Amino acid sequence: MSDFKKNQLQKSLGLSFNIAVLIGGTIGVGILRTPGTIAEMLSNYWLIIASWLFGGLYVLLGANSYAELATMLPKAGGSYNYIKRAFGEYAGFLSGWFDYITNVIPPAFYCIVISEYIIILFPSLANYSAVMAISLLLAFVLIHLSGVKNGSVIQQITSLLKVICFVALVVACFMYSGIETAPIKTDSSFFQIGLIFGFFKSLQLIIGTYNGWNSVCFFAEENDDPSKNIPRSLYSGVLLVMSIYVLVNAAFFHVLPIETLAKSNLAAADVAKILFGENGAVIVTVISIFSLISILNAFMMIPPRILYGLSRDGFFIEKGTQVNKGGTPIVALLVSSLFSLFLICIGSFEVLFSFAAFISIIVWGLAYFSLLKLRTKEPDLPRPYRSFWYPWTTIIAIIFSIALLAGFIYSDPKSFIIIVGITVVSYPLFLVLTRNKK
């Protein structure tokens, strides 16, 4: 019994960490880059704003379902706990590993991108890109080995700095009145087939920028009052992220017309150049680095929680449940970091990223289904929070997920084939693991 106590996670995280990890784990450089690409696809001001709102509403519907699931089963590892409870061991195993893969890819990517941004500021470091990326990973491993408290403090500080940076950028854009922008033309050719395709492609990008909205749920077991804190942080966090995204878009279009932004790879840099002259690029680079450090910190904490949960259920080595004095699942952190190190060394992410957006939708969709299933299968489970307008909100979230999945399969069949392949291979592996478990 004492051994079990030793390997339990500590209840040391509160509401402010929850909101910080949601903002920290969601807002990255996506919002600084994607507005240009989306402007090119949709080229209509209201349609662009509508698609960001639409992405946000989809996530808000998801938050409504996740608030019930995470307070009902406040366990480390998030989604896969609900799917396993509703659909059995294999569904839990598969979705748990899918979720783990999606969340273990980002740290490597962020380490590389931060080092690239540092090189923009200090060109003399150009030859040390890989060294910086690896050093950054090691630094964060050491911070998290020292305990959950330090990770939590860093999360709160960096997330706050990030929000301040974005608010300052938005205010600077709206105060700017240097160029006379032509009135926004509304496009009458609203329902062209290309536009509908563009809408789906841009939604894939937008969902990618919202990815991380449910980070709170991975830490449910470490929360000091999950039944109150989780719903509060899910709603307030998602609404805050949504507001920032919509405002950033509106602010960018206030400074530059859509036609100009549509040609931009890093929309924020072009806007900042106009606002702050040649220093604009430096300012955006600094905002990007803050954004990325905050998101890197969040994603150093998430995969170990999933792996800890998987280990506890016998879907990974038993040592994976080891927790150190500071409350960090230490073996899970080291395994995840080794995986990140390997990815930094091979460094090809494009494939992995489209793959991640894909898997996220599948896991979220299964989680929404499990809410429906658990309401009928286990009506007496204590539910400290009940999702509002149930079952309609959950059904709409499921329909959205299926539509998005269909859109993704159409626009990215390669990733879909890989996912089907993994699923096929995973079953025999699952049988071996469960046999060992018995």
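Numbers here simply count residues along the sequence, with the first being 1. Every value quoted in this text rests on a predicted model; they were computed, and no experiment measured them.
Note: Phe54 and Phe400 meet the aromatic proximity criterion, with ring centroids under 6.0 Å apart. Ring centroid separation for the pair Tyr100 and Trp97 comes in under the 6.0 Å cut-off.
Atom NZ of Lys373 sits in a crowded spot, with more than 12 heavy atoms from other residues, nucleotides or ligands closer than 6.0 Å. Within a 6.0 Å sphere centred on OH of Tyr128, heavy atoms belonging to other residues, nucleotides or ligands number 12 at most. The neighbour count for Lys228 NZ, taken as heavy atoms of other residues, nucleotides or ligands under 6.0 Å away, does not exceed 12. Heavy-atom contacts from other residues, nucleotides or ligands closer than 6.0 Å to OH of Tyr390 number more than 12. Within 6.0 Å of atom NZ in Lys319, 12 or fewer heavy atoms from other residues, nucleotides or ligands are found, so the atom counts as exposed in its surroundings. Annotation for Tyr410: atom OH does not count as buried by contact number, only 12 or fewer foreign heavy atoms lying within 6.0 Å.
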In sequence, state the C-alpha distance, the side-chain angles, and the governing distance for Phe416 and Phe408, and then conclude on ring pair (Phe, Tyr, Trp, His ring centres under 6.0 Å).
CA-CA 8 Å; Phe416 181 63; Phe408 289 7; over 10 Å; no
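In this structure a side-chain-to-backbone donor-acceptor pair under 3.5 Å is present from Asn81 to Gly78. A donor-acceptor distance shorter than 3.5 angstrom exists from the side chain of Lys162 to the backbone of Ser291, with no hydrogens or angles considered. Not a single donor-acceptor pair under 3.5 Å links the side chain of Asn297 to the backbone N or O of Ile293. Thr393 places a side-chain N or O within donor-acceptor distance of the main-chain N or O of Phe388, the cut-off being under 3.5 Å. Ser159 places no side-chain N or O within 3.5 Å of a backbone atom of Gln156 that could act as its donor or acceptor partner.
Of the inter-residue distances, the one linking Met301 atom CE with Phe219 atom CZ reads 4.5 Å to the nearest 0.5 angstrom.
Below 30°, between 30° and 60°, or above 60°: for Tyr90 and Tyr427 the angle between ring planes is above 60°, a perpendicular geometry. In this pair, Tyr58 and Trp364 present their aromatic rings tilted. The plane angle is within the 30 to 60° band.
With sequence neighbours excluded, the residues satisfying side-chain hydrogen bond (donor to acceptor under 3.5 Å, both in side chains) with Glu89 are Lys437. Every residue meeting the side-chain contact (heavy atoms from CB on, under 4.5 Å) condition with Asn223, not counting sequence neighbours, appears here in chain and number order: Asn18, Pro226, Asn229.
Between Glu221 and Pro74 the shortest side-chain heavy-atom distance does not fall below 4.5 Å.
Residue pairs that meet the salt bridge (charged side-chain N to carboxylate O under 4.0 Å, His left out) test with at least one member in residues 68-84, sequence neighbours left out, are Glu68-Arg375, Glu68-Arg383, Lys84-Asp313.
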